[in-house]
Peer 1: 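This is the structure I have questions about; it appears just below.
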Amino acid sequence: YDERSVFTDEIDSYPIDKWVKGTQKLFVAEGSRVDLVGDVNVSPTKVEFRFDEDLMFRIPFRPVVSLSGSVVLDRDAESGLITGYREIWDQDVNAVLKTAKMKAADGSMKPFPIIGGLLK
């Protein structure tokens, strides 16, 4: 990545250092997953792919949200370095938050009532 890369998701834009630090602080890697869906399209100036993921938040009860979408990585044609990252979600932010689930005592995933109740 080019050190001047800007990372944009459905919530905000961040410089590379804040994206990395924020992602590490916000999510639990071991409780999250991301799958690539379909082909990865690569050109000298772009890399594009679709994803489907579950993200576990690093907050009490460790809720997990599910979302899908696409990522567009802008590339410098000469160096090949990534200069921009843009995430486009298939769902809006409220719809993603409404998918929140938490692990129940029996190990199954149950709706996370706090988030769901706030967004009705």
Side-chain angles (χ1 to χ4, degrees):
Y1 286 92
D2 184 299
E3 289 299 318
R4 297 165 293 174
S5 297
V6 175
F7 289 69
T8 304
D9 62 18
E10 295 294 337
I11 298 170
D12 208 348
S13 292
Y14 317 85
I16 190 170
D17 59 330
K18 288 187 178 179
W19 176 267
V20 171
K21 289 177 187 171
T23 301
Q24 290 172 340
K25 288 181 180 180
L26 187 58
F27 302 114
V28 178
E30 299 78 21
S32 301
R33 67 146 193 97
V34 62
D35 292 327
L36 294 179
V37 178
D39 294 331
V40 176
N41 300 309
V42 179
S43 77
T45 59
K46 285 197 185 320
V47 176
E48 298 177 89
F49 59 89
R50 292 198 47 77
F51 67 89
D52 180 76
E53 66 185 354
D54 294 326
L55 298 171
M56 178 181 281
F57 286 93
R58 193 177 300 283
I59 61 174
F61 304 109
R62 300 284 199 245
V64 176
V65 297
S66 299
L67 66 138
S68 60
S70 59
V71 170
V72 178
L73 302 172
D74 295 320
R75 296 176 67 197
D76 179 279
E78 289 184 29
S79 70
L81 294 176
I82 302 299
T83 58
Y85 171 106
R86 187 169 26 124
E87 225 173 78
I88 302 113
W89 297 357
D90 293 336
Q91 309 82 7
D92 64 35
V93 174
N94 281 346
V96 170
L97 292 174
K98 287 178 182 178
T99 69
K101 296 186 176 3
M102 59 182 268
K103 192 173 282 192
D106 65 3
S108 66
M109 296 299 284
K110 304 284 184 185
F112 189 61
I114 296 171
I115 292 176
L118 293 174
L119 298 174
K120 287 186 180 178

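What you see is a predicted model; the values in this text were computed from it and never measured.
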Peer 1: Locate the shortest heavy-atom distance separating Val37 from Phe51; write the atom from each residue and the value.
Peer 2: CG2-C, 4.0 Å
Peer 1: Distance-only, no hydrogens or angles: does the Asp2 side chain make a donor-acceptor pair with backbone N or O of Arg4 under 3.5 Å?
Peer 2: yes
Peer 1: Spell out, yes or no, whether Ile11 and Val64 are grouped together once hydrophobic residues are joined by side-chain heavy atoms under 4.5 Å, including indirect joins.
Peer 2: no
Peer 1: Going only through I, L, V, M, F, W and Y residues with side-chain contacts under 4.5 Å, is there a path from Leu36 to Val34?
Peer 2: yes
Peer 1: Quick check on the hydrophobic clustering: are Met56 and Met109 connected, directly or via other members, by side-chain heavy-atom contacts under 4.5 Å?
Peer 2: yes
Peer 1: Measure the CG-CG distance between Asn41 and Leu73 for me, rounded to the nearest 0.5 Å.
Peer 2: 11.5 Å
Peer 1: Do NZ/NE/NH1/NH2 and the carboxylate oxygens of Arg50 and Asp90 come within less than 4.0 Å?
Peer 2: yes
Peer 1: Work out which heavy atom in Ser108 is nearest to a heavy atom in Lys110; give both atom names and the distance.
Peer 2: OG-CE, 3.2 Å
Peer 1: Identify each donor-acceptor pair in which a side-chain atom of residues 13-30 lies under 3.5 Å from a protein atom, sequence neighbours left out, and give them as a table.
Peer 2:
unit_1, atom_1, unit_2, atom_2, d
Ser13, OG, Thr8, OG1, 2.8
Thr23, OG1, Trp19, O, 2.7

Peer 1: How far apart are the closest heavy atoms of Thr99 and Ser66, and which atoms are they?
Peer 2: OG1-N, 2.9 Å
Peer 1: Quick one: does any side-chain atom of Arg86 pair with a main-chain N or O of Ser70 as donor and acceptor, under 3.5 Å?
Peer 2: no
Peer 1: Can you pull the side chain to side chain donor-acceptor pair (under 3.5 Å) pairs that have at least one residue in residues 74-85, sequence neighbours excluded?
Peer 2: Lys46-Asp74, Asp76-Ser79, Tyr85-Glu87
Peer 1: Are Phe112 and Phe57 close enough that their ring centers fall under 6.0 Å?
Peer 2: no
Peer 1: Hydrophobic cluster mates of Val72, side-chain heavy atoms under 4.5 angstrom, ILVMFWY only, any path?
Peer 2: Ile88
Peer 1: Return yes when atom CG of Asp35 has more than 12 non-hydrogen atoms of other residues, nucleotides or ligands closer than 6.0 Å, and no otherwise.
Peer 2: yes
Peer 1: Work out which heavy atom in Leu81 is nearest to a heavy atom in Tyr1; give both atom names and the distance.
Peer 2: CD2-N, 4.2 Å
Peer 1: Should Ile82 and Val6 be regarded as members of a common hydrophobic cluster, given that ILVMFWY residues are connected when their side-chain heavy atoms come within less than 4.5 Å of each other, either directly or indirectly?
Peer 2: no
